[in-house]
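The next block holds one structure in the form of structure tokens; read it before the comments.
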There are 4 protein chains.
Amino acid sequence: MSLPRSGPVRSELARLAILRATVALLTERGYDHLSIEGIAARAGVGKQTIYRWWPSKGAVIAECLLEGMLLTERLRPPDTGDIRQDLTTWLDRVFALLGSAEGEGMLRSLIAAAAEHAEVGLRLRDSLSGSDSISGRLKRAVGTVPNLPEGAPVDEVADALIGAVILRALSRTAIEPGDVDRLLEAVLGR
Amino acid sequence: MSLPRSGPVRSELARLAILRATVALLTERGYDHLSIEGIAARAGVGKQTIYRWWPSKGAVIAECLLEGMLLTERLRPPDTGDIRQDLTTWLDRVFALLGSAEGEGMLRSLIAAAAEHAEVGLRLRDSLSGSDSISGRLKRAVGTVPNLPEGAPVDEVADALIGAVILRALSRTAIEPGDVDRLLEAVLGR
Amino acid sequence: MSLPRSGPVRSELARLAILRATVALLTERGYDHLSIEGIAARAGVGKQTIYRWWPSKGAVIAECLLEGMLLTERLRPPDTGDIRQDLTTWLDRVFALLGSAEGEGMLRSLIAAAAEHAEVGLRLRDSLSGSDSISGRLKRAVGTVPNLPEGAPVDEVADALIGAVILRALSRTAIEPGDVDRLLEAVLGR
Amino acid sequence: MSLPRSGPVRSELARLAILRATVALLTERGYDHLSIEGIAARAGVGKQTIYRWWPSKGAVIAECLLEGMLLTERLRPPDTGDIRQDLTTWLDRVFALLGSAEGEGMLRSLIAAAAEHAEVGLRLRDSLSGSDSISGRLKRAVGTVPNLPEGAPVDEVADALIGAVILRALSRTAIEPGDVDRLLEAVLGR
DNA sequence: TATTAATCGAGACGGTACGTCAGGTCTTACA
DNA sequence: TGTAAGACCTGACGTACCGTCTCGATTAATA
């Protein structure tokens with residue numbers, strides 16, 4: 001019972017070119033300088049090809065996020081069994097990223113995009129705090145640290161950790177030695 | 001022994017009109033529909049009068065924040081002595097605000113503004129998590145809940161709490177009964 | 001073997017609307033009150049559509065001139081065979097035009113435009129003094145009046161006549177009876 | 001012997017500074033880039049001091065003209081007794097001026113100013129064609145050339161000559177050898 | 001195999017807003 | 001009171017993008 005269709009089919013090349021151009025421009029110039037026209041030009045694509053498939057630039061970014069083109073594999077926490085050690089490693093990586101010009105811009109761009117487009121917000125939280133990432137890691141650590149006793153609200157703890165990082169990014173406060181430890185102490189207990 | 005002042009002087013009327021128009025438009029239409037031109041028109045002011053004193057619309061918002069025109073007194077947590085009760089009250093209020101159309105828009109607008117303008121980020125964190133607000137309240141509660149023993153990193157706990165709320169706002173997840181309790185459990189312990 | 005043409009095409013409607021709006025505004029308000037923004041608004045057109053095709057408002061005016069929308073057919077001198085009679089008729093018409101509010105404004109507007117934009121200057125001289133107009137008429141009169149003997153520099157005589165009219169327009173001197181006769185005597189001889 | 005420095009009397013220093021600044025800017029940047037603000041800044045004067053004494057920038061220019069600060073002595077025709085020779089010399093000088101970047105700009109600036117401000121128009125015609133200049137010179141040549149018989153309308157002949165030069169300036173046509181001769185032939189006869 | 005219809009690159013269109021320049025008015029502090 | 005300075009509202013500048021709408025060419029399924 002499908003409608004009769006003819007004609008060519010969505011071009012995967014165009015789709016990828018668009019996503020890649022979006023990532024590149026987001027990295028280079030930030031969310032507020034990101035324009036559909038810019039993406040189209042960089043991707044060598046007509047504007048209509050973007051508007052045909054995405055309702056807004058937020059949706060394009062959300063798809064980049066979904067394809068893992070924005071937050072890389074590196075942002076998944078390791079799992080050595082020692083949660084404090086793992087999160088230390090992970091936070092060091094995250095803060096190092098935030099310390100770099102492009103990483104900082106990228107995260108803030110994503111936050112700006114999330115503030116404007118519901119879908120980006122959802123995906124962003126999923127990518128960072130969701131069960132594939134911090135939340136999942138914390139779940140496996142239940143019972144090994146004071147603040148994660150049996151039955152602890154793991155998702156909320158994950159949100160709190162990620163949220164603290166985001167707040168930090170928004171306030172542009174320089175990261176100093178001991179910050180990671182204190183943050184982990186706040187979240188996991190001593 | 002007075003400072004030598006010469007030439008005409010900045011118009012306080014214009015300044016206030018601009019800040020008020022900014023607050024009004026931010027509330028009504030959100031950050032991404034906020035335009036300098038719109039502020040000027042609403043305030044009955046020339047655009048140049050805005051550009052003369054503020055470098056960007058972010059700076060205008062930061063000044064609104066600084067003047068307490070955006071986050072009201074109501075967002076300061078009560079202090080009855082019982083931290084869990086107080087934060088429950090406060091979170092209920094915050095989530096109620098987030099549940100309303102204008103409150104949600106306002107917070108997300110502020111986040112968007114913070115993502116684009118360093119100063120807004122700083123002020124926002126100060127207003128929400130700073131020692132006048134959550135952080136200060138937590139400080140007085142040290143020793144009364146499991147996760148706030150003597151010497152606990154209070155500022156980081158405050159960041160975690162506020163951060164969780166922000167993450168929640170970004171993801172537009174509906175607030176459900178029990179969420180407040182679980183979040184407090186995550187932050188303060190059982 | 002045809003030229004490959006692709007993409008959308010210039011809108012003739014928009015072009016005409018712009019030229020007509022320009023003529024109307026130039027007539028109503030004069031050159032110095034003529035603005036691109038005003039033309040766009042009156043024509044119901046985006047500003048960019050003007051800037052896309054013309055480099056300056058002078059160029060728009062030049063195109064109006066070229067299309068004969070500013071200096072009408074009426075400004076071509078008649079040809080009855082009697083040059084003095086024909087130019088008298090023509091100068092009467094021109095001075096009558098200059099005497100009217102809108103005619104005077106129009107010519108001075110054109111002069112102002114010519115002073116600022118080379119192309120308008122060229123077209124203006126062509127329209128008034130060129131071989132389709134005064135110069136052509138004079139050419140046919142060679143040998144019939146004292147100052148136009150065989151081999152006389154007809155183009156220069158035309159320039160002198162038109163130039164005198166322009167100087168007159170610039171100085172806003174009221175036209176008085178006998179002025180036309182004296183001017184023709186100066187140019188054609190007694 | 002003391003200069004009036006300030007107080008309730010018009011400052012001649014300020015007046016001159018304004019006129020000089022006007023001449024300088026008109027020469028450097030042309031009429032359409034001439035601004036009251038620019039004049040005030042260059043003259044080291046408050047804007048109000050200009051507005052207090054002149055109704056428009058045209059009036060300032062007219063006063064410059066009146067003071068002989070714009071059209072120099074050099075533009076008065078010589079008088080050797082031979083009108084054709086004298087006007088050849090004079091036209092050579094004028095066309096040389098028009099050939100130079102600044103001279104051409106200056107004349108066109110004056111024309112633009114004349115088109116917008118009646119007073120400039122009057123003064124301009126006076127300066128160029130008036131009895132102190134071309135018209136006077138022609139008057140003394142009556143009877144020495146074919147087109148200037150006894151009783152010839154000298155003022156109109158002067159207007160025609162000056163007008164031809166102005167038309168030439170407006171059309172930006174390059175001056176070529178023989179042009180001067182042809183123009184003089186047109187005006188004075190062979 | 002020819003027809004048909006959706007896709008593509010391109011880019012013109014009516015708009016909104018940008019950040020800047022200047023206009024002309026008004027106010028302040030000084031001489 | 002005249003002046004230098006400069007803030008104020010207004011309005012126009014020329015530019016960047018928005019999202020919509022053709023255009024002509026290309027391409028795959030349908031007839």
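Because only heavy atoms are used, hydrogens play no part in the values below, and waters and symmetry mates are left out as well, while side chains stay in. Predicted model only: the values in this text are computed from it and were never measured. The chains referred to below are lettered A, B, ... by the order of the sequence lines, with proteins before strands, and numbering in each begins at 1.
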Tell me what B/G38 touches on the nucleic acid: a base, only sugar-phosphate, or nothing, going by heavy atoms under 4.0 Å.
nothing
How do B/A43 and D/A40 order along DNA chain F: which one's closest nucleotide is nearer the 5' end?
D/A40
Please report the distance, rounded to the nearest Å, between CD in B/E12 and P in E/dT27.
18 Å
Decide, yes or no, whether a salt bridge links B/E116 with A/R108 under the criterion of side-chain N to carboxylate O below 4.0 Å.
no
For E/dC8, does either OP1 or OP2 sit under 4.0 Å from a side-chain N or O belonging to A/W53?
yes
Can you establish whether the number of heavy atoms outside D/L16 located under 6.0 Å from its atom CG is more than 12?
yes
For atom CG of B/L25 and atom P of E/dA17, their distance in whole Å
11 Å
Counting heavy atoms from C-beta on, name the nucleotide in E/dA5, E/dC13, E/dA10 closest to the side chain of C/A14.
E/dC13
Under 4.0 Å between a Lys/Arg side-chain N and an Asp/Glu carboxylate O for D/E37 and D/R42?
no
When you check the phosphate oxygens OP1 and OP2 of F/dC8, does a side-chain N or O of B/R52 lie under 4.0 Å from one of them?
yes
Should the heavy atoms of other residues, nucleotides or ligands under 6.0 Å from CD of C/E102 be counted, would the total exceed 12?
no
Rounded to whole angstrom units, what separation is found between the CD1 atom of D/I36 and the P atom of F/dG6?
18 Å
Flag, side chain of C/R172 to backbone of C/L170, donor-acceptor distance under 3.5 Å:
yes
What's the closest nucleotide to the C/Y51 side chain, out of E/dG23, F/dT15, E/dC13?
F/dT15
Can you measure A/L34 atom CG to F/dA16 atom P for me and round it to whole angstrom units?
17 Å
Are C/R15 and C/W53 side-chain neighbours, meaning at least one heavy-atom pair lies under 4.5 Å?
no
For a quick check, tell me whether the side chain of D/Q48 and the base of E/dC26 share a donor-acceptor pair closer than 3.5 Å.
yes
Could you tell me whether the phosphate oxygens of E/dA6, OP1 or OP2, come under 4.0 Å of any side-chain nitrogen or oxygen in A/R10?
no
Base of E/dG11, side chain of A/K47 - is there a donor-acceptor contact under 3.5 Å?
no
Any side-chain N or O of B/T49 below 4.0 angstrom from OP1/OP2 of F/dA7?
no
Find the distance C/R42:CZ to E/dG14:P and express it as a whole number of Å.
17 Å
Measure OH/A/Y31 against P/F/dC17 and give the value in whole Å, please.
14 Å
Per nearest nucleotide of DNA chain E, the residue lying toward the 5' end, A/R15 or C/G46, is A/R15
C/I39 CD1 to F/dG11 C1', straight-line distance once rounded to whole Å
15 Å
How close or far is atom C1' of F/dA16 from atom CZ of A/R29, stated in whole angstroms?
11 Å
C/P8 has a side chain; which of E/dG19, E/dG23, E/dA12 sits nearest to it?
E/dA12
Which nucleotide sits closest to the side chain of C/E37: F/dG19, E/dC18, F/dA12?
F/dA12
